[in-house]
Amino acid sequence: MQIETEVMISTPDGEMPAFLYRSAESGQQPAVVLLMEAFGLTPHIRDVAARLAKVGYVVLAPDLYYRELPNNKFEYDEVEQAMAMMYRMDFGQPVEEDIRAAIAYVKSQPNVSSKVGVTGFCLGGGLTFLAACKLSGEIAAAAPFYGTVLDEWIEAMPNITVPIYLFHGGVDPFIPLEHIQQIESRFKELGKEYTLKVYPDADHGFFCHERSSYNRLAAEDSWHELTQFFHKYLQESI
């Protein structure tokens with residue numbers, strides 16, 4: 001059984017609501033910070049958080065659109081509205097501080113071991129990459145799903161010191177294969193520890209069963225890969 005709690009996280013810009021998930025079992029567990037899609041902190045993201053809690057993690061899903069409450073969640077057909085809100089975000093210091101605050105908050109929980117992983121989808125995938133670039137000293141692993149990576153984050157890749165596993169769709173119209181190849185070339189150049197999996201027939205949003213782009217085989221395989229990756233870098237040697 002998973003316990004869901006609504007919590008508030010203090011950031012330099014105010015209080016950021018989040019959902020905290022943990023299993024009813026006692027004992028120390030590693031944590032995962034789950035970063036939301038462009039559509040906001042949707043029921044789907046909360047469902048993924050509950051699934052991660054079920055396999056042995058304390059999971060924190062912050063509402064990164066908290067500056068635009070209360071109308072900051074969108075249906076999957078409200079693409080334009082979601083994109084507009086996403087583009088209003090400041091992808092510099094403010095969002096970095098939000099993610100740092102989320103990591104610090106989950107680490108402060110009494111039942112959390114020192115290891116924290118970060119994962120996220122779409123917008124959250126890009127921000128997971130950002131976390132690996134800017135906050136490697138505070139996390140143990142990062143797993144971005146179909147995240148757009150800004151040029152300044154590619155420039156910051158030398159700062160990545162944690163294992164990273166990137167998941168992408170081969171027919172994602174938002175993230176061309178050339179962009180993925182550019183990132184992979186940079187990883188190789190820098191000699192970084194990374195894994196990249198591209199699902200040839202998968203579109204953007206392939207993990208979400210509520211989206212028309214859902215790809216069951218890619219979703220099931222990437223879930224298996226994600227949980228194995230986190231098990232290796234977060235669970236082992238606790």
Query raised in the report: Would you say the side chain of M89 lies within less than 4.5 Å of the side chain of V95, judging by non-hydrogen atoms?
Result: yes

Requested in this report: Salt-bridge test for E4 and R46: reply yes if a basic N is under 4.0 Å from a carboxylate O, no otherwise.
Outcome: yes

Query raised in the report: Can you list the residues that meet the side-chain contact (heavy atoms from CB on, under 4.5 Å) rule with D47, with sequence neighbours excluded?
Result: R51, H209

Query raised in the report: Does the side chain of Q182 pick up a donor-acceptor pair with the side chain of E178 at under 3.5 Å?
Result: no

Query raised in the report: Does the side chain of I164 reach to within under 4.5 Å of the side chain of V162, using non-hydrogen atoms?
Result: no

**Report entry** Intermediate values then yes/no, side chain to side chain donor-acceptor pair (under 3.5 Å), E193 and Y233
**Finding:** CA-CA 12 Å; E193 182 180 357; Y233 292 107; 2.6 Å; yes

Query raised in the report: What residues, two or more places apart in sequence or in another chain, satisfy side-chain contact (heavy atoms from CB on, under 4.5 Å) together with K54?
Result: Q2

Requested in this report: Assess whether atom CD of E75 is packed by more than 12 heavy atoms of other residues, nucleotides or ligands within 6.0 Å.
Outcome: no

Query - From CA spacing to verdict: side-chain contact (heavy atoms from CB on, under 4.5 Å), M157, Y194 - result: CA-CA 11 Å; M157 283 172 65; Y194 79 96; over 6 Å; no

Query - Distance-only side-chain donor-acceptor flag, D203 / N215, under 3.5 Å - result: no

Query raised in the report: Do the rings of F145 and F206 sit parallel, tilted or perpendicular, given the 30° and 60° boundaries?
Result: tilted

Query raised in the report: Y66 and E15: side-chain donor and acceptor closer than 3.5 Å?
Result: no

Query raised in the report: Pairs in or reaching into residues 8-34: which pass ring pair (Phe, Tyr, Trp, His ring centres under 6.0 Å), with residues at least two apart or in two chains?
Result: none

Query - Where A61 and I45 come nearest, the two heavy atoms and their spacing - result: CB-CG2, 4.5 Å

Query - Chi angles and distances behind the side-chain contact (heavy atoms from CB on, under 4.5 Å) call for L127, F91 - result: CA-CA 9 Å; L127 295 178; F91 288 102; 3.8 Å; yes

Report task. Using the six-membered ring wherever Trp is involved, compare the ring planes of F207 and W223 and label them parallel, tilted or perpendicular (cut-offs 30° and 60°). Result -> tilted

Requested in this report: State yes or no: do M8 and L69 share one hydrophobic cluster built from I, L, V, M, F, W and Y residues joined by side-chain heavy-atom distances below 4.5 Å, directly or via other members?
Outcome: no

Query raised in the report: Between E37 and T42, what is the shortest heavy-atom contact and its length?
Result: OE1-OG1, 3.2 Å

Requested in this report: Please lay out, stage by stage, how H204 and Y146 fare under the test ring-ring contact (aromatic ring centres under 6.0 Å, His included).
Outcome: CA-CA 7 Å; H204 193 77; Y146 37 84; 5.0 Å; yes

Query - Shortest non-hydrogen contact between L234 and V116, atoms and distance - result: CD2-C, 3.8 Å

Report task. Compare all side-chain heavy atoms of F229 with those of E225 and state whether any distance is below 4.5 angstrom. Result -> no

Query raised in the report: Is the shortest heavy-atom distance from the side chain of V7 to the side chain of L60 under 4.5 Å?
Result: yes

Query raised in the report: Judged by atom type as modelled, is there a donor-acceptor pair below 3.5 Å linking the side chain of K192 to the main-chain atoms of P158?
Result: yes

Report task. Check the pair V59 / L20 against side-chain contact (heavy atoms from CB on, under 4.5 Å), numbers first and verdict last. Result -> CA-CA 6 Å; V59 185; L20 185 71; over 6 Å; no

Query raised in the report: Salt bridge between R67 and D98, side-chain N to carboxylate O under 4.0 Å?
Result: yes

